[in-house]
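The structure appears below as structure tokens.
Counting starts at 1 for both ligands and their atoms, following the listed order. A quick note: this is a predicted structure, and the numbers were derived from the prediction, not measured.
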Amino acid sequence: MKILAIETSCDETGVAVLETTGEAENAEITVLGNALYSQAALHAEYGGVYPNLAKREHQANLPALTSAALKEAGLFKEGNGIEPIPETAFKNVRDPEFKAGITSFLESCEPPAIDLIAVTRGPGLEPALWTGINFAVALSKTWKIPIIGIDHMEGHAVSALLSPKDPEKTRFELINPALPMMALLISGGHTEFILMKDWFAYEHIGSTKDDAVGEAFDKVARLLGLQYPGGPKVAEFAARSRGRGENSVVFPRPMADDNTCDLSFSGLKTAVLYKLKKMPEISESDKEHIAEAFENAARDVLTLKAERALSANPSKSFVIAGGVSANEEIRRSLTEMAEREFPGLALYMPDSTLTGDNAVMIGAAAYLRAMRKQAEEEADLIEASGSKRIFD
Ligand code: KG4
Ligand code: ZN
């Protein structure tokens with residue numbers, strides 16, 4: 001099966017072509033083509049993602065990235081496209097420039113040998129999401145290829161199940177985890193514990209009451225004068241302080257004593273703000289101490305709540321995924337806790353090439369759904385897109 005996957009929920013435009021083999025229990029995925037464009041540098045000027053800029057960039061880049069991914073996969077055949085392109089293809093495309101871009105792309109090639117189109121249906125920034133969905137629908141209608149909508153956070157969860165089989169990281173085993181599977185999803189928009197008792201049957205165990213942990217990393221970065229996206233920068237500063245081993249700065253562990261699996265990060269960010277306000281001058285090494293103290297607090301509450309979530313909900317597998325799962329200190333602490341407290345629990349985290357937003361994870365989730373006959377129809381896709389969650 002060949003899948004064309006599209007991800008545009010935030011500030012990465014991702015298009016991937018996957019070839020999948022095997023059954024749901026022992027599937028293998030080969031990335032035939034992968035075109036990922038990060039808009040982060042453009043948004044850095046605004047200190048965060050600017051939704052209309054994201055939409056414009058997705059609109060401008062999707063046709064070229066799709067061509068590139070198909071070419072890399074050897075599936076791009078120059079030709080005259082389909083004449084005429086059905087009007088239904090542009091049902092939701094209002095922007096004339098976007099329509100022109102899609103049209104000239106569709107006219108540039110023959111319908112490719114793709115079996116399924118997968119697209120992120122949400123959650124994410126609405127203008128960004130709809131760009132990808134409308135683009136995917138246009139391709140699906142014109143080429144008469146079935147389409148499936150994938151929840152972005154489900155994509156992140158599946159990213160942890162992709163285990164590289166070659167040094168180039170183009171071939172992956174799609175691990176078949178023992179259920180129930182607990183997932184800790186940590187990104188710029190979400191921080192949540194989700195339990196999968198059966199395939200695609202999710203139970204919401206806990207989540208942040210305010211900011212997502214990635215959002216807190218980004219906000220603290222801004223307070224420290226570090227560039228967006230701040231997560232990796234804060235981690236870098238924290239590592240320098242940790243390496244020196246002396247730091248008197250300590251921040252609170254929000255909601256540590258509360259016996260739910262919910263979390264909170266906005267108080268932590270405020271604590272950083274107050275600390276900075278009290279300092280007349282802030283040196284590089286002060287910044288490093290603050291970054292480390294913040295990272296330690298975030299790490300500790302995530303670890304503590306994960307231990308609670310796993311104790312209250314006996315699990316056979318534990319997935320940690322989302323952009324923040326790139327954080328080494330958080331990985332280390334969660335791994336140590338899982339090995340110490342839950343021997344026998346299988347722990348999965350994404351390969352470093354798949355922690356951030358990408359289309360590979362969306363295609364892989366689509367494959368699992370298609371294999372397990374859980375694909376959604378296009379009508380559902382459109383209706384369910386945007387803010388509606390499958391995890392709630
Ligand atoms: O999953 P993701 O790429 O996009 C969303 O779905 O939100 O996550 C992005 C978030 C950002 O907040 C970014 O700062 C954070 O992940 N992040 C990190 C690290 N790398 C990315 N946070 C902490 N440490 C990192 N190394
Ligand atoms: Zn994400």
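For atom 2 (P) of ligand 1, the nearest non-hydrogen atom of the protein is D357 OD1, 3.4 Å. Nearest to atom 18 (C) of ligand 1 among the protein's heavy atoms is G231 CA, 3.6 Å. Distance from atom 6 (O) of ligand 1 to its nearest protein heavy atom, with residue and atom name: H152 NE2, 3.1 Å.
For ligand 1, none of its N or O atoms has an N or O atom of P229 under 3.5 Å away. Checked by distance only, ligand 1 and T355 stay at 3.5 Å or farther apart across all their nitrogen or oxygen atoms. Taking any N or O of G214, backbone or side chain, at least one lies under 3.5 Å from an N or O belonging to ligand 1.
At a heavy-atom distance under 4.0 Å, no atom of E12 approaches ligand 1. Residue-level proximity to ligand 1 for V324 is carried by backbone and side chain together, each with a heavy atom below 4.0 angstrom. The proximity of E328 to ligand 1, defined as any non-hydrogen pair under 4.0 Å, does not occur for either the backbone or the side chain.
Numbered from 1 in the order shown, with element, the atoms of ligand 1 that lie under 4.0 Å from a heavy atom of S187 read 1 (O), 5 (C), 6 (O), 7 (O), 8 (O). Proximity to G356 (heavy-atom distance under 4.0 Å) selects the following atoms of ligand 1: 3 (O).
Proximity of a side-chain donor or acceptor of E97 to a complementary backbone N or O of K99 within less than 3.5 Å is not detected. With hydrogens and angles disregarded, a donor-acceptor distance shorter than 3.5 Å links the side chain of T20 to the backbone of M1.
A cation-pi arrangement, defined by a distance under 6.0 Å to the six-membered ring centre and an angle within 45 degrees of its axis, is present between K71 and F76. For the pair R222 and Y228, the cation-pi test (distance below 6.0 Å, angle within 45°) is failed.
In this structure, D210 does not pair ionically with K269, as no charged nitrogen and carboxylate oxygen lie closer than 4.0 Å.
Not a single N, O or S atom of H190, from either the backbone or the side chain, sits less than 2.8 Å from the Zn ion (ligand 2). Within the 2.8 Å limit, H156 places at least one N, O or S atom next to the Zn ion (ligand 2).
For D357, the N/O/S atom at the shortest distance from the Zn ion (ligand 2) is named OD1.
For F294 and F217, the distance between ring centers is under 6.0 angstrom.
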Side chain to side chain contact (heavy atoms under 4.5 Å, CB included) between M255 and L263: does it pass, once the steps are laid out?
CA-CA 6 Å; M255 290 182 76; L263 306 105; 5.6 Å; no
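Taking only non-hydrogen atoms, the option from G188, S352, G323 nearest to atom 5 (C) of ligand 1 is G188.
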